[in-house]
Amino acid sequence: KVMGESKRVADDLTRLIEAANAPIFGIDRDGKVSEWNRKTAEITGFSKSEAMGKSLVNTFIHLDHRASVSDVLTRALFGDESSNYELPLFTKAGEPRDILLNATARRDAKGDIIGVVGVGQDITEFKKASERAQRIADDLTRLIETANAPIFGIDLQGSVTEWNAKATDISGYSKAESIGKHLVNTFIHLEYRSSVAEVLQNALMGRDVANFELPLYTKSGKRREILLNATPRRGDDGSVVGVLGVGQDITELNQQRTEALRIADDLGRIIETANAPIFGVDIHGHVTEWNLKLAELSQFPSEMAVGQSLVSKFVTEDLKASVGHVLLKALNGEHTPSFELPLVKDGEQKAVLLMNAATRRGQNNEVIGVICVGQDITQINAMAAEQQRIADDLARLIDSANAPIFGVDLNGMVTEWNRKAADMLGYPKEDAIGKNMVQCFIEPENRQSVNEILVKALQGSETANYALPLMSKHGKRYTVLLNATTRRDAKGQIIGVVGVGQDITQLNQVMADSKRIADDLTRLIETANAPIFGINTEGKVSEWNAKASSLLGFSKEETIGKNLVSNFITEEFKDSVHNVLAAALSGKETANFEFPLFTKDGKRKEILLNATTRRGPHGEVTGVIGVGQDITRIREITNEQQRNADDLARLIDTANAPIFGVGMDGMVTEWNRKAADMLGYTKEETIGKAFVQNFIQPED
């Protein structure tokens, strides 16, 4: 009966092993397979018949793991059983399978170990899932740590559990300084703690919080604005275990937004107060902007313009199509740099505007209208017309000028050739325009120098008073005093050279004659037999000829530059000589002025001077030239004669005989005392009377 029960139990156990949903295999003491249930066959792909009697380790275990598996089985054969051992099995197709194994000793009826039975669990998929989960967890950890956004986590008590590198960069607090610290109490300013704590508490209650602006203060005390998404963090059972906050540092963005608002406000004020007319229209062509300047020019106030159709209300009939086309182009993204818009009110043109039309876009770059910024060109148009008139006048002036005028372009080709140039050189304008100035109209020996002048002018270095030799078509030589001036366009770019000349052919001859005369005069002054000196407007000696040097003993070198009056005139005559020279410097010349000069050795010389004003080429007074005559000897003789005359007069008057004299006309010139005493007529009664008629008896 016992044997029957044992057999029944054995049969039940065999069926249990065979039908179990877990892989079960057994080995004998030689390591050969003695059990191999259906689940093991299913997992490995080896049937029971293929497995029974085969060495488990050598047949079904990869070479890399045989030693460790053999060790586990050997220990079990000695009664040291193993649980939860991960047994690597390879299927018939060569795929690895991970079996979580309990290796138990198998005993006979006597209790002797006769083998090992292994009951396993196929954890291949579980292990893959675990590895995948671990990989995701590792990736998430790396993502959190290396994210370019600040990320932090807190537990249920509000203490920091996560603090990534970006959070460290922004806050200045390292991970070590942050982990375990209370987030709100440590890193949030006192005035914001309540609101931040409320947001985190909502997240801890399972509610996500998006786009919360968290004010965070850095270690250095600077405020940073963080736009935060706070998400509940859950455990394996789904319960909230903390909060994970992913943020975006919007400090600079907020600053840019503030700056953008400021710029927008400034732009609004600029548009409104700009000194240029500005208007805007929406996509329907209705006025949205109409600034003060435009209101002033159009005489339509802003409130009358905004909302109105620009083209229908403010554009004249003849321009509606063209202006409408410009606005349509701008609404399609095509900028128009300039178009003229006349402003008319009540049939009268108020102004002419030069406008540009630019596309106006919204925040998402969508077209929302057109903005037009203009310039009041009413006066500019008038100025342009005036400039054209001036240009026409200038063209006529150039052509009719009494001076030769020519122009060349950047290549040296003639662009201007007026009538005077044509008359002088014999080449009509038609023959000159487009020809190379230097090659065609300048003599070979002068081409290099003339070309250099033109090249300098084309580089912006102008030349004045250049003597340009020209040869006419008929072989006549001319000298033209030329000013070569850079010619520029409206933008200031050099476009050529214009040369305005003066025919100085005759002037050069006159100047040569003048120089000859001046040289002759210089020699005449220097070699004259009369003392000649000159002074400049400061009274300093500028001329001192050889006669003056020989007469006075002062060389030319000793006198030039010295003050004439101070150095060469005695004290008693300084004032009178100064007055004469001052008068001559004022243009009032003096003739036969006598004054004394003293020689170097102290001798007095009497000079009879003519002081003549000296003038420059424009008639301006440049000094005085004095031409003198040494009358020292004449004065000595004159004085001697005067002495003799005085002696004779006294002799006549005191003689003891009557003496009278008459002139060529018979009039009394002498009547001495004796004659007066004898005849009774005083000298005063006789002088100038006819001697015969008045003092001789008729009969005599």
Side-chain angles (χ1 to χ4, degrees), residues 387-388 390-523 616-619:
Q387 286 175 343
Q388 185 59 48
I390 292 171
D392 292 342
D393 288 347
L394 180 60
R396 285 192 296 274
L397 175 65
I398 288 174
D399 198 47
S400 61
N402 197 34
I405 299 175
F406 67 86
V408 298
D409 61 16
L410 294 173
N411 300 313
M413 301 300 177
V414 176
T415 55
E416 296 282 353
W417 190 268
N418 76 340
R419 275 187 246 164
K420 186 66 177 178
D423 292 344
M424 180 186 295
L425 300 178
Y427 297 98
K429 188 171 185 174
E430 296 74 24
D431 290 350
I433 295 294
K435 300 288 178 60
N436 187 286
M437 173 72 186
V438 173
Q439 297 301 320
C440 296
F441 303 106
I442 305 298
E443 291 296 292
E445 65 270 16
N446 298 312
R447 284 175 185 170
Q448 182 178 349
S449 61
V450 173
N451 188 64
E452 288 173 359
I453 295 295
L454 296 179
V455 169
K456 283 173 60 181
L458 287 171
Q459 293 173 349
S461 179
E462 300 179 348
T463 300
N465 298 328
Y466 172 70
L468 173 66
L470 291 172
M471 184 72 73
S472 76
K473 190 175 184 179
H474 307 296
K476 185 176 180 181
R477 185 177 293 275
Y478 288 94
T479 302
V480 174
L481 191 63
L482 185 72
N483 285 4
T485 304
T486 305
R487 199 170 198 178
R488 299 176 185 269
D489 62 15
K491 296 178 181 178
Q493 300 295 316
I494 294 173
I495 59 171
V497 177
V498 65
V500 180
Q502 177 188 357
D503 180 5
I504 59 169
T505 310
Q506 291 184 341
L507 178 63
N508 280 354
Q509 183 61 48
V510 171
M511 288 176 65
D513 291 343
S514 296
K515 186 176 185 307
R516 180 182 56 74
I517 292 168
D519 291 343
D520 289 347
L521 181 60
T522 299
R523 286 192 297 274
H618 304 296

**Prompt:** What are the two closest non-hydrogen atoms of Pro469 and Arg477, and how far apart are they?
**Reply:** CB-NH1, 4.4 Å
**Message:** For the CG atom of Asn483 and the CD1 atom of Ile453, what is their distance to the nearest 0.5 Å?
**Reply:** 11.0 Å
**Fill in**
Closest non-hydrogen atoms of Gly501 and Ala403, given as atom of the first, atom of the second and distance, are O-CB, 3.1 Å
**Asked** After noting the C-alpha distance and the side-chain angles of Arg487 and Thr415, does the key distance pass the side chain to side chain contact (heavy atoms under 4.5 Å, CB included) rule?
**Response** CA-CA 11 Å; Arg487 199 170 198 178; Thr415 55; 4.0 Å; yes
**Request:** Give, for atom CD1 of Ile504 and atom CG of Asn465, the distance between the pair rounded to the nearest 0.5 Å.
**Result:** 8.5 Å
**Request:** Identify the two heavy atoms, one from Ala422 and one from Pro428, that lie closest to each other, and give their separation to 0.1 Å.
**Result:** CB-CA, 4.1 Å
**For the student: nearest non-hydrogen atoms of Met437 and Val408, plus distance** = CB-CG1, 3.6 Å
**Message:** As an exercise, state the distance from CG of Asn446 to CG of Asn451, rounded to the nearest 0.5 Å.
**Reply:** 12.0 Å
**Asked** CG of Asn418 to CZ of Phe406: how many Å apart, nearest 0.5 Å?
**Response** 10.5 Å
**Request:** Return the minimal non-hydrogen interatomic distance between Val497 and Ala457, and the atom names on each side.
**Result:** CG2-CB, 3.5 Å
**Request:** Begin with the C-alpha distance, continue with both residues' side-chain angles, and end with the deciding distance and a verdict on side chain to side chain contact (heavy atoms under 4.5 Å, CB included) for Lys420 and Asn402.
**Result:** CA-CA 6 Å; Lys420 186 66 177 178; Asn402 197 34; 3.6 Å; yes
**Request:** Over all heavy atoms of both residues, which pair between Thr479 and Ala467 is shortest? Give the atoms and the distance, please.
**Result:** CG2-CB, 4.2 Å
**Message:** Considering only residues two or more places apart or on different chains, which pairs with a residue in residues 415-464 satisfy ring-ring contact (aromatic ring centres under 6.0 Å, His included)?
**Reply:** Trp417-Phe441, Tyr427-Phe441
**Message:** With rounding to the nearest 0.5 angstrom, report the CD1 to CE distance, Ile433 to Met413.
**Reply:** 12.0 Å
**Message:** Go through it in stages, so that I can follow the logic: the residues are Arg488 and Ile494, the test is side chain to side chain contact (heavy atoms under 4.5 Å, CB included), and I'd like the CA-CA distance, side-chain angles, deciding distance and then a yes or no.
**Reply:** CA-CA 4 Å; Arg488 299 176 185 269; Ile494 294 173; 3.5 Å; yes
**Asked** Quick one: CZ on Arg447 to CD1 on Ile442, what's the gap to the nearest 0.5 Å?
**Response** 8.5 Å
**Request:** In sequence, state the C-alpha distance, the side-chain angles, and the governing distance for Leu468 and Val450, and then conclude on side chain to side chain contact (heavy atoms under 4.5 Å, CB included).
**Result:** CA-CA 7 Å; Leu468 173 66; Val450 173; 3.3 Å; yes
